[in-house]
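Provided herewith is a single structure, encoded as structure tokens, for subsequent inquiry.
Just so it is clear, the values below take in all heavy atoms, side chains as well, and ignore hydrogens, waters and symmetry mates.
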Amino acid sequence: MAAHLCLQGRSLLGSKTVARNWQYYTQVCHCITVTRVPTKILNGSSINKGNHTTPQARQRWKQQMFCYSDLAAKHLATEAKENKDVEGVSTADVVENKSPLLPIRDAVSVTESQISFDLDAAPELSSLELISDEAAVSIPVPFDMPSDSISLRDYVDKSETLSKLVQMGVNLWKLEQRPNVGSMLLRLNFDTDVAPRLLFLKDIGVEDSSYGNILTQNPFILTESLVHLHSRVNFLKSQNFSSETIASMVSRAPYLLNFSVKRLDNRLRFYQQHLKLSADNTRNILTRLPRLLCGSLEPVKENLKMCEVELGFKENEIQHIIIAVPKVLTLNKRKLTQIFDFVHNTMNVPHNLIAKFPQILNSKYLRIRERHLFLEYLEKAQYDPDLPNYISLERLVFLHDERFCTEVAFVTLEDFNLFQKTL
């Protein structure tokens with residue numbers, strides 16, 4: 001019986017303790033809620049972040065802590081009074097053992113009217129609330145440029161320079177494969193670095209549609225001095241290159257303006273002296289193939305020597321070939337040797353006829369071989385102009401298959417296709 005009474009008393013004491021703790025928790029939450037005032041953008045003022053707090057915010061924090069301290073003191077005092085007969089602890093001892101972290105109530109005097117005034121002055125915050133244009137502009141926007149990336153694609157939305165280069169047709173995926181070009185573009189300012197060079201290209205006559213191709217092939221023109229660029233254009237004009245010709249040359253050979261005036265002058269002298277051409281013929285071949293001024297001179301020297309020593313052309317024949325087909329100076333040596341060997345040794349075409357129709361040296365080897373073998377099969381492979389049924393090298397190479405069959409071989413296209421399957 002005594003044990004049963006003890007259990008009932010313990011249960012009653014536990015229920016009272018739980019109820020009292022719940023009441024204390026509810027009062028503390030209510031205190032925190034009523035003293036919390038939402039922050040709002042009013043009249044163009046921005047939200048304070050970080051460690052910066054306004055006097056109103058500090059006042060609200062003190063009010064919250066005072067309310068919490070008051071409730072905690074009352075709770076401890078009530079708990080000590082109810083447990084006086086059980087634990088023998090006095091109310092005075094409990095109050096003296098309050099947490100040292102709780103602020104002292106008498107430190108600052110806060111009246112109830114002040115608290116109610118702060119609450120009335122701060123309405124609820126709405127995410128749909130309209131703010132003024134000045135306030136919107138003053139809101140700081142973090143610059144979340146990626147610190148490290150393997151592709152320029154991640155920077156396009158953050159960089160004005162890259163986004164406008166893409167709009168002009170620049171292929172960034174080609175540029176990012178070249179060493180140090182990506183980092184160079186990210187350091188450029190569009191207004192001070194890119195725009196002046198674009199205006200320069202426009203002034204010399206380059207069309208807007210060519211900007212993308214020029215900058216894709218030669219992005220380093222964006223770092224060239226405008227003074228140097230103008231001096232190089234003026235030098236070309238002094239060599240009797242017209243403005244239209246210069247614009248065309250820059251569009252087809254974008255690295256042209258990266259060369260100094262001295263280097264450009266040396267290139268002009270080299271072609272005029274080694275090819276023994278007149279000034280007009282030199283300008284002619286450079287206008288048609290402007291990359292001769294930009295590329296290496298070693299392949300040019302090797303092809304010139306090969307044409308004279310290995311292929312056996314005379315000096316005047318070489319001049320005629322180069323004037324007609326300047327690309328011969330930069331052709332692959334293996335391709336040039338292969339075509340010449342087949343035309344001269346297999347088709348028995350002499351040097352003077354090859355020099356008369358030098359375009360065959362820049363044709364496809366497979367096309368020349370297939371058509372010659374087909375004519376040989378038809379017993380019509382006759383390339384001597386002094387004999388009947390003469391077939392010129394020009395008609396052999398430059399006619400498409402249907403016209404070649406009907407005008408040269410005098411057969412149907414189906415017959416030629418069937419013959420190609422036997423090769």
Would you compute the distance between atom CZ of Arg403 and atom OG1 of Thr406 and round it to the nearest 0.5 angstrom? 7.5 Å
Kindly indicate whether the side chain of Leu236, heavy atoms from C-beta on, has any atom under 4.5 Å from the side chain of Leu256.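 With C-beta onward as the side chain, the pair touches.
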Flag if over 12 foreign heavy atoms under 6.0 Å of CZ, Phe220: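 Yes, enclosed.
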Could you tell me which residues satisfy ring pair (Phe, Tyr, Trp, His ring centres under 6.0 Å) with His344, sequence neighbours excluded, listed by chain and number?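 Phe340, His351.
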Mind listing the closest non-hydrogen atom pair of Leu268 and Gln239 along with its distance?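 Closest heavy-atom pair between Leu268 and Gln239: CD1-CG, 3.8 Å.
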Rounded at 0.5 Å granularity, tell me how far CG in Leu336 sits from NZ in Lys333.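 These two atoms lie 9.5 Å from each other.
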Would you say Glu407 has more than 12 foreign heavy atoms packed within less than 6.0 Å of its CD?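 Enclosed.
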Do Asn218 and Leu257 have side chains that approach each other closer than 4.5 Å (heavy atoms only, starting at C-beta)? no
Side chains of Lys380 and Leu375, heavy atoms from C-beta outward: is any pair under 4.5 Å? yes
Run the salt-bridge test on Glu315 and Lys276 with the 4.0 Å N-O cut-off and return the result as yes or no.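 A salt bridge links Glu315 with Lys276.
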Nearest 0.5 Å, what's the CG-CD1 distance between Leu229 and Ile221?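 The distance works out to 5.5 Å.
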Hey, is the main chain of Val397 close enough, under 3.5 Å, to the side chain of Arg367 for a donor-acceptor pair? yes
Quick one: does Gln382's side chain have a donor or acceptor within less than 3.5 Å of a partner on Pro388's backbone? yes
Taking the inter-plane angle between the rings of His230 and Phe200 on a 0 to 90° scale, is it parallel (under 30°), tilted (30 to 60°) or perpendicular (over 60°)? perpendicular
Spell out, as yes or no, whether a donor-acceptor pair under 3.5 Å connects the side chain of Thr216 to the backbone of Val170. no
Count the heavy atoms belonging to other residues, nucleotides or ligands that lie under 6.0 Å from CD of Glu302, then report whether that count exceeds 12.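 Yes, enclosed.
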Do the non-hydrogen side-chain atoms of Leu353 and Asp384 ever get within less than 4.5 Å of each other?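 When only atoms from C-beta onward are counted, Asp384 and Leu353 do not touch, as no gap falls below 4.5 Å.
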Do you know which two heavy atoms are closest between Pro196 and Asp191, and how far apart they sit? CD-O, 3.5 Å
Just verifying a value: how many Å separate Leu286 CG and Gln272 CD, rounded to the nearest 0.5 Å?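 Rounded to the nearest 0.5 Å, the CG-CD separation comes out at 9.5 Å.
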Show the nearest heavy-atom pair for residues Ser225 and Arg197, with the distance to one decimal.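 Looking at all heavy atoms of both residues, the shortest contact is CA-NH2, 4.3 Å.
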Within the distance-only criterion (no hydrogens, no angle test), does the side chain of Asn417 pair as donor or acceptor with the backbone N or O of Leu413 below 3.5 angstrom? yes
Does a side-chain heavy-atom distance below 4.5 Å link Ile321 with Ile318? no
Is there a donor-acceptor contact under 3.5 Å linking the side chains of Asp341 and Asn345?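 Checked: Asp341/Asn345 side chains pair up, N/O donor to acceptor below 3.5 Å.
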So do His228 and Ser260 actually touch side chain to side chain, heavy atoms under 4.5 Å?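 Side chain of Ser260 against side chain of His228, heavy atoms only: no contact under 4.5 Å found.
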Any chance the side chains of Asn213 and Ser210 put a donor and an acceptor closer than 3.5 Å? no
Asn332 side chain to Lys335 backbone, donor-acceptor under 3.5 Å: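 The answer is yes, because a donor-acceptor pair under 3.5 Å joins these two groups.
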Exceeds 12 heavy-atom contacts within 6.0 angstrom, atom CD of Gln338: yes
More than 12 foreign heavy atoms under 6.0 Å from CD of Glu160: is that the case here?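 Check passes, neighbour count above 12.
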As a quick check of understanding, evaluate side chain to side chain donor-acceptor pair (under 3.5 Å) for Asn284 and Thr287, giving each step before the final call. CA-CA 5 Å; Asn284 181 28; Thr287 299; 6.0 Å; no
Check step by step if salt bridge (charged side-chain N to carboxylate O under 4.0 Å, His left out) holds for Arg232 and Glu224. CA-CA 11 Å; Arg232 293 159 192 172; Glu224 288 287 335; 3.1 Å; yes
Please output the side-chain donor-acceptor pairs of residues 354-365 that fall under 3.5 Å, not counting sequence neighbours, one pair per line with the distance.
| unit_1 | atom_1 | unit_2 | atom_2 | d |
| --- | --- | --- | --- | --- |
| Ser363 | OG | Gln359 | O | 3.0 |

Least distance between heavy atoms, Met168 atom then Leu215 atom: CE-CD1, 4.1 Å
Under 3.5 Å, side chain of Ser183 to main-chain N/O of Asn180, donor-acceptor pair present? yes
Tyr271 side-chain N/O to Leu293 backbone N/O, donor-acceptor pair under 3.5 Å: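 Here the side-chain-to-backbone pair does not exist.
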Would you say the side chains of Asp415 and Thr412 form a donor-acceptor pair under 3.5 Å?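 Thr412 and Asp415 do have a side-chain donor-acceptor pair below 3.5 Å.
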Going by distance alone, is a donor N or O of one side chain under 3.5 Å from an acceptor N or O of the other, for Tyr255 and Asn258? no
I'd like to know if the side chain of Ser248 and the backbone of Thr245 have a donor-acceptor N/O pair within less than 3.5 Å. no
Check for me whether Arg371 meets the cation-pi criterion with Phe404, that is, NZ or CZ under 6.0 Å from the six-membered ring centre and within 45 degrees of the ring axis. yes
Side-chain touch Thr282/Leu275, heavy atoms, less than 4.5 angstrom: no
Applying salt bridge (Lys or Arg N to Asp or Glu O under 4.0 Å) between Asp265 and each of Arg269, Lys262, Arg267, report the one that passes.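 Only one of Arg269, Lys262, Arg267 forms a salt bridge (Lys or Arg N to Asp or Glu O under 4.0 Å) with Asp265, namely Arg269.
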Leu331 backbone acceptor or donor facing Asn303 side chain under 3.5 Å: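 Indeed, once roles are kept as given, a pair shorter than 3.5 Å links the two residues.
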Nearest atoms (heavy-atom pairs only) where Val181 meets Pro219: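 For Val181 versus Pro219, the nearest heavy atoms are CG1-CG, 3.9 Å.
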Looking only at heavy atoms, the pair that brings Thr161 and Leu185 closest together is CG2-O, 4.1 Å
Answer yes or no: does atom CZ of Arg288 have more than 12 heavy-atom neighbours from other residues, nucleotides or ligands under 6.0 Å?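 Yes.
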Kindly indicate whether the side chain of Asn348, heavy atoms from C-beta on, has any atom under 4.5 Å from the side chain of Tyr383.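 The answer is no, as the side chains (C-beta and beyond) never meet within the 4.5 Å cut-off.
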So, the side chain of His372 versus the backbone of Ile368: is there a donor-acceptor pair under 3.5 Å, distance only? no
